[in-house]
J.: 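Handing you this structure, nothing more for now.
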Amino acid sequence: MRFASTRNPSLQVDFREAVLTGLAPDGGLYHPIEQPDLRSLFLGLNPEAPFVDTAAVVIERLFGDSFGADTDSVVRRAFPFSPALVPLGDQIDILELFHGPSCAFKDFGASFLASAMEAFLAGTGDRAVILTATSGDTGSAVAQAFHNRPNIEVVLLYPSGRVSRLQEQQLTTVGDNVTALEVAGSFDDCQRLVKEAFVDSELRSSVRLTSANSINLGRLLPQALYYIYAFALLRARMISEFYFCVPSGNFGNLTAGILAWSWGLPVSGFIAATNVNDVVPDYLRTGTYSPRASIQTVANAMDVGDPSNFERMLAIFDADHAALSTLVSGVVATDDQIRATMRQVYEDKGLFIDPHTAAGVFGAQSFLAEEGAGDATIVTLATAHPAKFVEVVEEACGATPPLPEALAAALQRQKHSVPIAAESTAFKQYLLKHYGSHD
Ligand SMILES: *Cc1c(COP(=O)(O)O)cnc(C)c1O
C-alpha cells in the first residue's frame with residue numbers, strides 16, 4: 001500500500017514513512033492512494049479463530065511488504081488482548097473494545113503503532129519523539145503502549161482540569177520515557193500545539209517528531225481489524241444485515257470502519273454517534289461543515305469541535321456529500337440522553353456502560369426507531385470500560401461499576417505532570433530543550 005497527503009496527491013510515502021512521520025509535511029493527513037479489494041479474504045475468515053490470528057491474516061495482506069518476516073511477531077506483540085461481541089438484545093450487540101491495558105478501544109491502535117514503530121526503528125540508531133494531544137483516553141493508551149519501548153520518547157499534552165481523576169492518574173503516573181504536559185487550555189488547544197509543532201521546520205530539523213494521535217495511520221488502520229473480526233462472528237451467527245454504531249469524537253474509529261467497508265466489508269451502513277459536539281452529524285444532514293469550539297460533556301473523550309479525521313472521511317468519498325451521507329447517518333445525544341441510556345441499560349440488563357458507549361447505544365436505538373432498519377443488527381462499539389468514568393456512571397445508575405485491576409493500580413501511584421501555557425512558543429522551547437539534537 002502507498003499513501004499520499006490529503007492536501008497534495010503527489011506527496012507519496014510507504015507505510016514505514018507514514019508511521020514514522022505521522023503528519024505529512026504540508027500539514028495534510030496520509031491516506032491510502034488505492035483501496036485493496038479484500039472481499040474474498042473477509043468471506044474466508046475463520047470465525048473460530050482468536051482475534052490475533054484474524055488480525056495477522058489481514059495485516060499480512062495489507063502490510064506484509066513493509067514488515068517482511070517480522071509481520072507475524074509485530075501483530076502478536078501488539079494484541080495480547082481481544083475484543084468481545086456481546087448481544088445486548090433488541091437487535092443491538094455491543095463490541096467490547098476495552099479489554100486492553102488502558103481499558104479503552106484506543107489500546108488497539110496505540111499498541112499496534114508501538115509494535116510497528118519498534119520494528120521500524122530497530123537497528124536504525126534513530127530516536128523518535130511522539131507527540132500526542134489527548135482528551136484523556138488517547139494519552140493513557142499511548143503511555144501504556146509505548147512505555148519502555150526502545151528508542152522512543154513520549155510527550156502527552158492534556159487539558160488541565162478537563163479529564164477525570166482516573167484518566168489523569170493514568171496519564172501522569174507511567175514515567176520513564178513518558179512525560180505528561182498539563183496544558184492550561186482545552187483539548188483543541190492541545191491538538192493545535194501538536195499540529196503547529198509538526199509544521200515548524202526548525203523543530204523538525206532537530207527533533208524526529210512523530211504522532212500517535214489517530215492522525216497517524218499506524219494507529220488508525222489497525223482499528224479496522226475489529227470491524228472485520230466482528231463481521232466474521234456475525235456471519236457465523238447467520239446475521240447478514242448489520243450496521244456499526246460508533247461513538248465518535250475525532251472520527252478515527254469511524255474512519256477505520258469506513259476503510260474496512262471500502263476494502264469490501266459487506267456492512268449496510270454506519271451510525272456516527274456524537275454528544276452535542278455535532279459538527280459531523282450536522283454536515284451529514286446539511287452538507288455544510290462548520291467547525292466550532294468544543295463543548296464540555298459527560299462523554300469528554302468525544303468533546304471535539306473540529307475532528308481531524310473529517311478530512312480523511314471526505315478523501316475516501318472525494319468529498320461527495322451524497323455518497324458519504326448515504327453510508328453514514330449521524331445521531332446526537334445530549335448529556336441527559338446519555339445518562340438516561342446508562343440508567344436504562346443498567347436497570348434492564350444489569351450491565352454498566354460508560355457514557356461514550358451510552359451515546360452509541362442511544363444512537364443505535366434512535367436509528368432503529370427512526371430509520372426502520374428492518375431486522376438488521378446494530379453493533380455498537382463499546383469504547384471504554386465503565387469504571388474509567390466512574391463518577392458519571394455512578395450518578396446515572398446509582399451503583400458503582402467494578403474497578404479492573406489495571407485501573408486500581410493507577411490510582412495508587414504518584415502524579416507527575418509539567419504545567420505549560422497553551423502557546424506554541426512555550427511548547428516549542430520545551431521540546432528543543434529536552435529533545436533537541438546537538439548536531
Ligand atoms: C477517543 C474516544 C472516543 C472517540 O473516538 P474517535 O476515534 O476520536 O472518534 C470515544 N469513546 C472513547 C471512550 C474514547 O476514548
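Keep in mind it's a predicted model, so treat the numbers as computed, not measured. Both counts, for ligands and for their atoms, begin at 1 and track the order of listing.
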J.: Hey, is K195 close enough to D200 for a salt bridge, meaning N to O under 4.0 Å?
T.: no
J.: So which protein heavy atom does atom 13 (C) of ligand 1 come closest to, and at what separation?
T.: D137 OD2, 3.0 Å
J.: Give the residue, atom name and distance (to 0.1 Å) of the protein heavy atom nearest atom 11 (N) of ligand 1.
T.: T383 OG1, 2.8 Å
J.: Taking 4.0 angstrom as the limit, do R343 and E395 come out as a salt bridge?
T.: no
J.: Can you sort out which atoms of ligand 1 are near K106, meaning under 4.0 Å from one of its heavy atoms?
T.: 1 (C), 2 (C), 3 (C), 14 (C), 15 (O)
J.: What are the two closest non-hydrogen atoms of R16 and F120, and how far apart are they?
T.: NH2-O, 3.0 Å
J.: Among protein heavy atoms, which sits nearest to atom 8 (O) of ligand 1, and what does the distance come to when rounded to 0.1 Å?
T.: N250 N, 2.8 Å
J.: Looking only at protein heavy atoms, identify the closest one to atom 5 (O) of ligand 1 and say how far it is in Å.
T.: F105 CZ, 3.4 Å
J.: Please identify which atoms of ligand 1 are closer than 4.0 Å to at least one heavy atom of A384.
T.: 13 (C)
J.: For atom 4 (C) of ligand 1, grab the closest protein heavy atom and report residue, atom and distance to one decimal in Å.
T.: G249 N, 3.5 Å
J.: Taking the side chain as every heavy atom from C-beta outward, state whether D107 and F98 have any pair of such atoms under 4.5 Å apart.
T.: no
J.: Just say parallel, tilted or perpendicular for the rings of F105 and Y226, cut-offs at 30° and 60°.
T.: perpendicular
J.: Do any N/O atoms on S248 end up under 3.5 angstrom from N/O atoms on ligand 1?
T.: no
J.: Is there any N or O on G252 that sits under 3.5 Å from an N or O of ligand 1?
T.: yes
J.: Taking 4.0 angstrom as the limit and counting only heavy atoms of M302, give me the atoms of ligand 1 inside it, by number and element.
T.: 10 (C)
J.: Could you verify whether a donor N or O on one side chain and an acceptor N or O on the other, from D90 and Q365, lie under 3.5 Å apart?
T.: no
J.: What about A104: any of its N or O atoms under 3.5 Å from an N or O on ligand 1?
T.: no
J.: Measuring only between side-chain heavy atoms, which start at C-beta, is F389 closer than 4.5 Å to P401?
T.: no
J.: Regarding R7 and E311, does a basic nitrogen lie under 4.0 Å from an acidic carboxylate oxygen?
T.: yes
J.: Which ligand 1 atoms, with their elements, are less than 4.0 angstrom from a heavy-atom of N253?
T.: 7 (O)
J.: Please state which part of K388 comes within less than 4.0 Å of ligand 1, counting heavy atoms only: side chain, backbone, both or neither.
T.: neither
J.: Would you check, one step at a time, whether the test salt bridge (charged side-chain N to carboxylate O under 4.0 Å, His left out) holds for D188 with R292?
T.: CA-CA 10 Å; D188 289 331; R292 39 189 176 255; over 6 Å; no
J.: At the 4.0 Å heavy-atom cut-off, does P247 count as touching ligand 1?
T.: yes
